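Letters go in sequence order (proteins before strands), and every chain restarts at 1. For clarity, every value in this text was computed on a predicted model and none was experimentally measured.
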Amino acid sequence: MFYIHCPYCQEYREEEEFHPRGEAHLMRPKDPDNTTDEEWGDYLFFRKNPRGVHHEMWVHSVGCRKFFNITRNTVTYEILETYRMGEQPSITAETEKVRKEQGVQTADGGWQTIGAQPESKALNEETSS
Amino acid sequence: MSNVSAKQFDTVPAGNPAVESPLCWSYQQQKTANSANAGVVLREKALLGHVVLRGGAIVLDEAVRQVLGISLPAKPNTVERDEAGERSIQWISPDEWLVIVPGGEECALERSLRETLGDAHVSIVNVSGGQTVLTLAGDNAREVLMKTVSFDVHPHAFPVGKGVTTIFAKATVVLRRTSETEWELVVRRSFADYCYRWLLDASAEYGIDTQ
């Protein structure tokens, strides 16, 4: 059970009141006429599935009915922060402190939960500390 | 958009036809229960005027002060009331407020708000037919809410003057605390019977007094 801080209501509410709405910060291609099929496909269908810090869009459907963003660790389920639409996250997978404290494995480089492979030894050593 | 004030539809028809609260069917179905030492007192404030305002806080605040004499609640999840407690404005979301006034005032309110707001980009919707207000009082009212609502209704989390939209059993409710002992529940018309019967069942162990 999550206890989620809604940035618009400015207080914590039960998870029951919310719905997840997928990955956050998806940008529609700026010039649709000159966008390749591959770019469109990536934009429409392909989503990140990182092991570790992930940015998601949620909606406070029973409540203020506003969309907002959550930074969440997909391994520990810990919610690191919530922030309004249009804002940028202050915590990302690259944030050193988060990587150290939570043993987060970086989300970049297509490192997925299934068939996960460490990209480098250095990364492995850092997470194990 | 400002010119619509001339052709507004008055939802109260002429000739005062009979009106019934959303709960009239429930009253027929459920026998009125009146325990001697009722821990819960359930009443309905039927047929009030409900108006939903959406738009920018600053323009709406000015208009509402002028028309109703109450300011828009500035803080999230709060309710502003006039001195008699009959008219209230509740924060629903950053750009949405629920105004509740005595029944019959809502059309005049809508009209004067539109006149005051002029060309401002706002939406005013009369939702009086869509919802009703239940009040819950008594020594055990909070216990009933505790097993019904997912929000924390302890006084430290829910002081008087607060109002939230939250889950009520399997429906949703706008829950407001009007005084130390009384709670107001704004429920949807289509869920009114469900909520009423839920409250009867949940209050049975404390004894309930209905009208």
Side-chain angles (χ1 to χ4, degrees), chain A residues 1-28 30 47 53-92, chain B residues 52-57 60 72-79 89-98 123 125 127 130-131 145-159 161-177 185-188 190-191 194-195:
Chain A
M1 194 78 187
F2 286 142
Y3 201 41
I4 300 172
H5 184 267
C6 171
Y8 293 99
C9 293
Q10 294 170 22
E11 63 184 8
Y12 283 91
R13 298 292 185 93
E14 299 280 336
E15 183 191 349
E16 276 180 279
E17 295 187 7
F18 299 88
H19 277 292
R21 285 300 170 98
E23 189 184 328
H25 306 299
L26 295 174
M27 295 294 284
R28 184 185 164 88
K30 284 213 170 68
R47 299 290 177 258
V53 172
H54 188 35
H55 306 288
E56 291 172 334
M57 195 160 63
W58 285 63
V59 60
H60 193 185
S61 47
V62 180
C64 61
R65 306 198 293 276
K66 292 285 174 198
F67 283 82
F68 61 97
N69 299 310
I70 288 183
T71 302
R72 192 170 67 86
N73 188 324
T74 57
V75 180
T76 62
Y77 296 106
E78 186 184 352
I79 292 173
L80 302 169
E81 66 170 336
T82 60
Y83 51 101
R84 296 178 181 210
M85 295 309 285
E87 293 177 359
Q88 290 301 312
S90 65
I91 299 170
T92 62
Chain B
V52 169
L53 305 179
R54 300 203 65 169
L60 278 176
L72 280 192
K75 279 199 285 180
N77 301 309
T78 51
V79 187
I89 308 179
Q90 179 176 1
W91 185 98
I92 297 286
S93 94
D95 55 2
E96 182 176 349
W97 292 267
L98 172 66
S123 140
V125 183
V127 294
Q131 47 199 32
L145 287 174
M146 276 160 65
K147 53 183 179 180
T148 307
V149 173
S150 66
F151 196 83
D152 185 3
V153 290
H154 190 274
H156 72 68
F158 212 125
K162 186 165 179 158
V164 299
T165 312
T166 188
I167 290 168
F168 178 95
K170 289 186 179 178
T172 63
V173 72
V174 176
L175 181 66
R176 305 129 65 96
R177 189 150 179 226
L185 294 86
V186 184
V187 294
R188 299 274 173 174
S190 49
F191 282 100
Y194 168 78
C195 294

What donor-acceptor contacts under 3.5 Å connect chain B and chain A, backbone and side chains included?
unit_1 : atom_1 : unit_2 : atom_2 : d
B:N77  : OD1    : A:R13  : NH2    : 3.2
B:N77  : ND2    : A:C9   : O      : 3.2
B:N77  : ND2    : A:E11  : OE2    : 3.1
B:D95  : OD1    : A:K66  : NZ     : 3.2
B:D95  : OD2    : A:K66  : NZ     : 3.1
B:E96  : OE1    : A:R65  : NH2    : 2.8
B:E96  : OE2    : A:R65  : NH2    : 2.9
B:K162 : NZ     : A:E11  : OE1    : 2.8
B:T165 : O      : A:R13  : NH1    : 3.1
B:T166 : OG1    : A:E17  : OE2    : 2.6

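Closest non-hydrogen pair, B:L60 versus B:G55, comes out as CD1-N, 3.8 Å. Of all the heavy atoms in B:C195 and B:V187, the pair that sits closest is SG-CG1, 3.7 Å. Closest non-hydrogen pair, B:P76 versus A:C9, comes out as CB-O, 3.7 Å.
In this structure, CG in B:L175 is found 5.5 Å from CG in B:L145, a value given to the nearest 0.5 Å.
Applying the 6.0 Å contact sphere to CE of A:M27 captures no more than 12 heavy atoms from other residues, nucleotides or ligands.
Taking the centre of each ring, B:Y194 and B:F168 stay at or above the 6.0 Å mark.
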